There are 2 protein chains.
Amino acid sequence: MEQGSKGQGKKEPLELLRSHNLRVTPQRLEILKQIQRTEDHPSATELHRRVRRKFPNISLDTVARTLEQFAKIGICRWVEGYDDVRRYDGMMERHHHFHCIRCKRILDVRPEALEEPPLPSLRDERFKVIDFRILLEGICKKCMEREQDP
Amino acid sequence: MEQGSKGQGKKEPLELLRSHNLRVTPQRLEILKQIQRTEDHPSATELHRRVRRKFPNISLDTVARTLEQFAKIGICRWVEGYDDVRRYDGMMERHHHFHCIRCKRILDVRPEALEEPPLPSLRDERFKVIDFRILLEGICKKCMEREQDP
DNA sequence: TGCCAGATAGGAGTAGATCCTATATACTGG
DNA sequence: CCAGTATATAGGATCTACTCCTATCTGGCA
Ligand SMILES: [Mn+2]
Ligand SMILES: [Mn+2]
Ligand SMILES: [Zn+2]
Ligand SMILES: [Zn+2]
């Protein structure tokens, strides 16, 4: 809807924590900023590495626990993957994902970039569908260029 | 297309291994049969547990290595998930998945059960799309029934 | 400013996956 | 049918991500 300030009417990190009755600690603030800023979809361990630049002895446990809290209250998400690490996504606007079969990166795909099907009118009584996403699979630009060259 | 014999013109396990120049060992045969039969989407460890009923001291390494081989040559697949284990799928016909947000099970969804979008005509130059799948999310029948009761 | 529920650091404990190597065995071709 | 060899397996060691535990610390409150 609106474009200004901090994007889609998103609250400031500090405000966001307060509104969920989470104590505002410097560690949490930094974790929140990091997960909101990233373009990629890092694991807890990867994010721990990054947050450590600012808090050299923050524990992995704190990062993992915090991310899980965030995911449970809807500040961030888990993202689907094929390997054995759990990945997080700080982009909370509805979007789809592209998985590169070469480099394994996961790239965001805005809904406008796709002919999105209306809503899966499911002819199946085994479950109630709440939401759906499209999972694209292919080769990313970087990998394509790398494979073109000799 | 045709319905007879063993489904969609699928080769027998033994034949399948031979055609990929894989030696036919009893362990491989059993792993192959198990992954092809399952309705769920087991991890290497889970499948190891099952195969062990027939080969009590088959090693996890053998099962994991074999599944990875199978996936690489297209006998089985990796399946997307949200946790930190790698899951496999023996159903090679094109299909989609439903993820239950309660019990975390992954259920198969046949393409005919969905209004499938034609083909994602992607307005994005960052990658080349080879395939796509739909990832449904919601509550499965079992979980719904369980939550209805007092 | 002092209290205390809640948060953190750091270390121990788990689980799944992967690596290593001696032994076993499926295929080959004689 | 058999022996030689390339390949596969078992079992143990190692690695990695995550989770649990607990003493200590601190943000928010009165
Ligand atoms: Mn994303
Ligand atoms: Mn499936
Ligand atoms: Zn790539
Ligand atoms: Zn369920």
Side-chain angles (χ1 to χ4, degrees), chain A residues 13-32 34-35 40-73 75-76 78-88 104, chain B residues 13-32 34-35 40-73 75-76 78-88 104:
Chain A
L14 193 139
E15 189 57 29
L16 195 54
L17 292 180
R18 288 239 169 90
S19 69
H20 285 284
N21 291 323
L22 293 180
R23 292 190 177 174
V24 179
T25 69
Q27 292 95 330
R28 269 192 188 142
L29 268 179
E30 180 65 12
I31 292 168
L32 181 50
Q34 289 275 352
I35 191 63
D40 57 356
H41 300 85
S43 64
T45 308
E46 170 57 27
L47 206 70
H48 177 232
R49 237 168 268 143
R50 298 182 197 173
V51 173
R52 256 218 276 214
R53 290 200 291 260
K54 193 157 192 175
F55 295 92
N57 50 2
I58 190 173
S59 70
L60 167 63
D61 187 47
T62 295
V63 175
R65 189 172 16 82
T66 302
L67 284 173
E68 204 180 310
Q69 273 184 323
F70 285 176
K72 276 183 184 157
I73 60 184
I75 288 182
C76 75
W78 288 284
V79 59
E80 78 284 348
Y82 293 97
D83 48 15
D84 57 349
V85 291
R86 191 173 298 161
R87 294 162 169 277
Y88 290 89
K104 310 299 180 194
Chain B
L14 193 139
E15 189 56 30
L16 194 54
L17 291 181
R18 288 241 168 88
S19 68
H20 286 283
N21 291 323
L22 292 179
R23 293 189 176 175
V24 179
T25 69
Q27 292 93 330
R28 268 192 187 142
L29 268 180
E30 180 64 12
I31 293 168
L32 180 51
Q34 287 276 351
I35 191 63
D40 57 355
H41 300 86
S43 63
T45 308
E46 171 56 28
L47 206 70
H48 177 233
R49 235 168 270 146
R50 298 181 197 172
V51 174
R52 253 214 280 211
R53 291 200 291 259
K54 193 156 192 175
F55 294 92
N57 50 2
I58 190 173
S59 71
L60 168 61
D61 188 47
T62 295
V63 175
R65 188 172 18 80
T66 302
L67 284 174
E68 204 180 311
Q69 274 181 323
F70 285 177
K72 276 183 185 156
I73 60 184
I75 289 182
C76 74
W78 289 286
V79 59
E80 77 285 350
Y82 293 97
D83 47 16
D84 56 351
V85 291
R86 190 172 301 163
R87 293 161 168 277
Y88 290 87
K104 311 299 179 195

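To find a chain, count down the sequence lines: A is the first, B the second, and so on, and within it residues start at 1. The structure displayed is predicted, hence computed values, not measured ones. We use all heavy atoms of the structure for the numbers below, so side chains are in, but hydrogens, waters and symmetry mates are not.
The residue among A/Arg49 and A/Leu22 whose nearest nucleotide of DNA chain D lies closer to the 5′ end is A/Arg49.
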Show me the side-chain donor-acceptor pairs of residues 40-50 of chain B shorter than 3.5 Å, one per line, residues at least two apart or across chains.
from, atom 1, to, atom 2, distance (Å)
B/Asp40, OD1, B/Arg50, NH1, 3.3
B/Asp40, OD2, B/Arg50, NH2, 2.7
B/His41, ND1, B/Ile106, O, 3.0
B/His41, NE2, B/Asp89, OD2, 3.2
B/His41, NE2, B/His97, NE2, 3.2
B/His41, NE2, B/Asp108, OD1, 2.9
B/Ser43, OG, B/Glu46, N, 3.1
B/Glu46, OE1, B/Arg49, NH1, 2.7
B/Glu46, OE2, B/Arg50, NE, 2.8
B/Glu46, OE2, B/Arg50, NH2, 3.2
B/His48, NE2, B/Ile58, O, 2.8
B/His48, NE2, B/Leu60, N, 3.3

Trace of the side-chain contact (heavy atoms from CB on, under 4.5 Å) decision for B/Leu32 with B/Leu14: CA-CA 9 Å; B/Leu32 180 51; B/Leu14 193 139; over 6 Å; no

field: Check against side-chain contact (heavy atoms from CB on, under 4.5 Å), A/Asp83 and B/Arg86
entry: CA-CA 5 Å; A/Asp83 48 15; B/Arg86 190 172 301 163; 3.9 Å; yes

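The shortest distance between side-chain heavy atoms of A/Leu22 and A/Ile73 falls below 4.5 Å. Put simply, the side chain of B/Ile75 reaches to within 4.5 Å of the side chain of B/His20, judged on heavy atoms. Counting only heavy atoms from C-beta outward, the side chains of B/Asp84 and A/Val85 never approach each other to under 4.5 Å. At least one side-chain heavy atom of B/Val63 sits less than 4.5 Å from a side-chain heavy atom of B/Leu67.
Once you apply a 4.0 Å limit to the heavy atoms of chain B, the touched nucleotides of DNA chain D run 5' to 3' over D/dA6 to D/dC18. For DNA chain C, the outermost nucleotides in 5' to 3' order that have an atom under 4.0 Å from a heavy atom of chain A are C/dA5 to C/dA17.
In the helix from C/dT1-D/dA30 to C/dG30-D/dC1, the terminal helix axes, each the rotation mapping four pairs' C1' atoms onto the next four within five end pairs, subtend 30°, rounded to 10°.
The stretch residues 54-70 of chain B comes close to DNA chain D through B/Asn57, B/Ile58, B/Ser59, B/Asp61, B/Thr62, B/Arg65, each having a heavy atom under 4.0 Å from the strand. For the contact set between residues 80-87 of chain B and DNA chain D, defined by any heavy atom under 4.0 Å, the members are B/Asp84.
Checked by atom type, the side-chain pair A/Thr62/A/Arg65 shows a donor-acceptor distance below 3.5 Å.
The shortest heavy-atom contact between A/Ala64 and A/Tyr88 is O-OH, 4.4 Å. Nearest approach of B/Phe70 to B/Arg28, heavy atoms of both residues: CZ-O, 4.1 Å. The two residues A/Glu30 and A/Phe55 come nearest to each other via the heavy atoms CB-CE1, 3.6 Å. When all heavy atoms of B/Cys76 and B/Ile35 are compared, the closest pair comes out as CB-CG1, 4.3 Å.
No donor-acceptor pair under 3.5 Å is formed between the side chain of A/Arg87 and the backbone N or O of A/Glu80. Between the B/Arg18 side chain and the B/Val24 main chain, no donor and acceptor come within less than 3.5 Å of each other.
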